[in-house]
Protein chains: 2
Amino acid sequence: MNEPRGSRRQRNAPTISDVAARAGVSPMTVSRVINREGSVRDATRERVEEAIAALRYAPSAAARMLAGGEDFRLGVLHTTTSLFYFSEFLVGCLDQAARQNGQIIVEQCAEGGEVAAIEHLLNGRVDGLLLPPPLGDAETVLAMLRERDVPVVAVSTGRAPEWALSVSIDDRKAAYEMTRHLGALGHRRIGFVTGAANQSATGERLAGYRDAVADMALDADDTLIAAGDFGYRSGLDAAERLLDLSDAPTAIFASNDDMAAATVAIAHRRDLDVPGDLTVCGFDDSALATTVWPELTTIRQPVSDMARTAVDLLMREIRQRRAGGSEDHPHVLVEYALIRRQSDAVPRRRPRATG
Amino acid sequence: MNEPRGSRRQRNAPTISDVAARAGVSPMTVSRVINREGSVRDATRERVEEAIAALRYAPSAAARMLAGGEDFRLGVLHTTTSLFYFSEFLVGCLDQAARQNGQIIVEQCAEGGEVAAIEHLLNGRVDGLLLPPPLGDAETVLAMLRERDVPVVAVSTGRAPEWALSVSIDDRKAAYEMTRHLGALGHRRIGFVTGAANQSATGERLAGYRDAVADMALDADDTLIAAGDFGYRSGLDAAERLLDLSDAPTAIFASNDDMAAATVAIAHRRDLDVPGDLTVCGFDDSALATTVWPELTTIRQPVSDMARTAVDLLMREIRQRRAGGSEDHPHVLVEYALIRRQSDAVPRRRPRATG
DNA sequence: GTGAAAGCGCTAACAA
DNA sequence: TTGTTAGCGCTTTCAC
């Protein structure tokens, strides 16, 4: 009758005490084993590990956190643009956050509704924000966040503000490399389709293209540069313009895969074989790159790794701030890769019949 | 010396006790206000609410859960297919889960690695699983899950197993409606591109098409039905076959947007205007539908709402099981919508010159 | 190297 | 209608 009023346990999952009992040690020792603290004798550790395995024990994140573990609420702004990118980004965030007591709050926001969305997120007590493109370049958003002194990571931005954190690839170098690749294949006239004017990656990619054109002494003709906005439709128009040129390019490098896919569509509409008559390549390696046919040669941004890094950086920053510090704001550059698929080839011999 | 050793609080966020102190009530009363339990006098409630606002108090999810609140860990299997779908799906899951102490664990899995992935998820102590397509039709997956007695929701499946939960649209009816729409426009020969054979939605959509063809007495010709597999490339092939027919269709209804986009590409390659010379429509209303040009007339599946519903259903089921019960396994049907965009039109007059 | 005690913030059960 | 008590599962602090 001394039973204090039945336990309130609801889930019948094993607890740290169950493990301790089975291993014949105290809960504290189990805790030490779990957290990889040094001071546990090997024999003890082994017994504990056995018990953990036998019971299929998994620690309760909630209890852990409550007992002094830190926790993090990270907001992700989801704009309607770049849906392809977003999915991969989110998976990376979720994965990394789960490893570190992080919770990801996704806030959808319509164009123009960014400020309201952020307001909402901030009221929900998020500790920091992740900004996938194009938000990392949005002046009003950035200004607001800076004023509020919210920790922020900009992802895939060409040029992130100094006070923020960022994770990107070297857009300029990647575009340079792709352009050189095309040049090495034998293309002299390479068309380029730019991205949206308000994103800094756009400028970087264009600069990379220009560098390579200059370095390899390719045809440097401004009519070879067509303005796009990262949207498929803008790619359609840009490709038309480029292919209408009296001396049309033999290769077109679009600033993203959507516009490259559009270029392929236009080429086909004109009975041009890709890559036989026209080489087309993209940038990002989004789902679209392997959806269309031929599959696109492109620059791979490791989006989900970048997301993981971003979450990591952000948590570090938040932790530092909680501890009072935080002076450095790392801007990390991750590796990209040039992925060759079926959309590039050596140019067909030009009309003036060399051979 | 009676000071038990200073508080261990780490975050300086206000607690329920802070609110209670400020409002001059007990923590329990605050808890009642937060949880909208009836028995609190209005005056008291107001004071508490003021205190909450003043302190910007937000309850700690961890503490709440630990104290007996239920919690849920829901696993989502992420196959490489249908990335467009997945992003929207995930956002819905996350959103709904966040409202109900749910945590979403995403597990990526390669083709053929489903069983291992599930094993991993289950070891991570998930309480239930969400199965986006094509998993809801995968026999081995389903068998394993059933044997283990794991709560499961199949989403967007044509025909979910009785013992599981499901959220779908009425694929057959939707395809029927789209086909009738095409018939009403004046098309008599309507091509159809099927989906992957191993997904039950494929059969449903085809059946809907057939029903409408019969009901409207349209040309019922099996050469008008081309097999696809939901992939873009299969759509390319199917469209070629259909347009190579001596009496080619004036409209092609593809079982998803990817294949519809491929059909548009083939049409353009053959100098056919869409929708002038050929009407094309898709199914799903994925990101692709509004990416390509012309934008696709398609059937909208409200994926993110479906995800929300799925999470809800799953939590309800888990809760019931914890309470010992659970007899009924709801299969909910949500509304779809036929979205008209720019890819459909009245057929051009046929060669035999009617007028 | 290991254990005991206390407390993280909250709510269920009971008492007033 | 409101308050009191105890305990959720874990980790911290201190003692051995």
Side-chain angles (χ1 to χ4, degrees), chain A residues 2-48 51-52 55 57-71 73 101 125 322, chain B residues 1-48 51-52 55 57-71 73 101 125 322-323:
Chain A
N2 222 341
E3 256 296 29
R5 179 189 351 158
S7 155
R8 278 168 52 207
R9 277 181 65 175
Q10 309 207 334
R11 318 193 42 168
N12 42 8
T15 73
I16 199 170
S17 303
D18 298 331
V19 176
R22 193 173 213 278
V25 297
S26 79
M28 203 45 237
T29 302
V30 177
S31 173
R32 289 191 177 104
V33 170
I34 295 169
N35 297 300
R36 311 210 133 51
E37 280 173 41
S39 55
V40 178
R41 199 170 305 166
D42 278 355
T44 316
R45 172 191 313 285
E46 273 168 35
R47 260 187 306 143
V48 171
I52 289 177
L55 261 27
Y57 166 79
S60 146
R64 191 172 230 177
M65 198 244 100
L66 230 207
E70 351 173 46
D71 84 320
R73 289 168 58 89
N101 290 309
R125 298 273 230 70
R322 283 181 185 166
Chain B
M1 207 78 11
N2 222 341
E3 252 297 26
R5 174 185 2 154
S7 157
R8 279 167 50 207
R9 275 181 67 175
Q10 310 207 334
R11 318 194 41 167
N12 43 6
T15 74
I16 199 169
S17 303
D18 297 332
V19 176
R22 194 174 212 277
V25 297
S26 78
M28 201 49 230
T29 302
V30 177
S31 173
R32 289 189 176 106
V33 170
I34 295 169
N35 298 300
R36 311 212 133 51
E37 281 173 39
S39 57
V40 178
R41 200 170 303 164
D42 279 354
T44 316
R45 172 192 313 284
E46 274 167 35
R47 259 187 306 141
V48 172
I52 289 177
L55 263 27
Y57 165 79
S60 144
R64 193 173 228 177
M65 196 246 103
L66 230 207
E70 349 173 50
D71 84 319
R73 289 168 58 90
N101 291 309
R125 301 273 231 66
R322 284 181 185 166

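The basis for the numbers below is simple: all heavy atoms, side chains too, and nothing from hydrogens, waters or symmetry mates. Convention: sequence-line order gives letters A, B, ...; per-chain numbering from 1.
- Residue contacts shown for B:Thr29 are limited to sugar-phosphate atoms, with no base heavy atom under 4.0 Å away.
- One atom, CD of A:Glu46, and another, P of C:dG1, lie 16 Å apart when rounded to the nearest Å.
- Here the closest heavy-atom approach between residue B:Thr15 and residue B:Tyr57 is recorded as C-CE1, 3.5 Å.
- Taking atom CG on B:Leu66 and atom P on C:dG7, their separation rounds to 17 Å, with Å as the unit.
- If you run side chain to side chain contact (heavy atoms under 4.5 Å, CB included) between B:Ile16 and each of B:Pro27, B:Ser60, B:Pro59, only B:Pro27 comes through.
- A 4.5 Å side-chain heavy-atom check between B:Val30 and B:Val33 finds every atom pair outside the cut-off.
- Of the candidate nucleotides D:dT1, C:dG9, D:dT11, D:dT11 has the atom nearest to the side chain of A:Arg64.
- Out of D:dC10, C:dT2, C:dC10, the shortest distance to the side chain of A:Pro59 is found at D:dC10.
- Smallest separation of non-hydrogen atoms from A:Leu55 and A:Pro14: O-CG, 3.4 Å.
- The CG atom of B:Leu55 sits 13 Å away from the P atom of C:dG9 (whole-angstrom rounding).
- Closest of all the heavy-atom pairs between A:Ser26 and A:Ala20 is C-CB, 3.6 Å.
- D:dC10 atom P lies 7 Å from atom CD1 of A:Ile34, rounded to whole Å.
- From A:Thr29, atom OG1 reaches atom CD1 of A:Ile34 across 11.0 Å, with rounding to the nearest 0.5 Å.
- Residues passing the side chain to side chain contact (heavy atoms under 4.5 Å, CB included) test with A:Arg47 are A:Val25, A:Thr44, sequence neighbours excluded.
- Across the protein-nucleic acid pair, B:Asp42 atom CG and D:dT1 atom P stand 10 Å apart, rounded to whole Å.
- Between the C1' atom of D:dT1 and the CZ atom of B:Arg47 lies a distance of 12 Å, rounded to the nearest Å.
- Contacts between residues 21-28 of chain B and DNA chain D, defined by a heavy-atom separation below 4.0 Å, involve B:Val25, B:Ser26, B:Met28, listed by number.
- For a distance-only test at 3.5 Å, the side chain of A:Arg32 qualifies as a donor-acceptor partner of the base of C:dG3.
- An OP1 or OP2 oxygen of D:dT2 is reached within less than 4.0 angstrom by a side-chain nitrogen or oxygen of B:Thr44.
- Of the candidate nucleotides D:dC10, D:dG7, D:dT13, D:dG7 has the atom lying nearest to any side-chain atom of B:Ala67.
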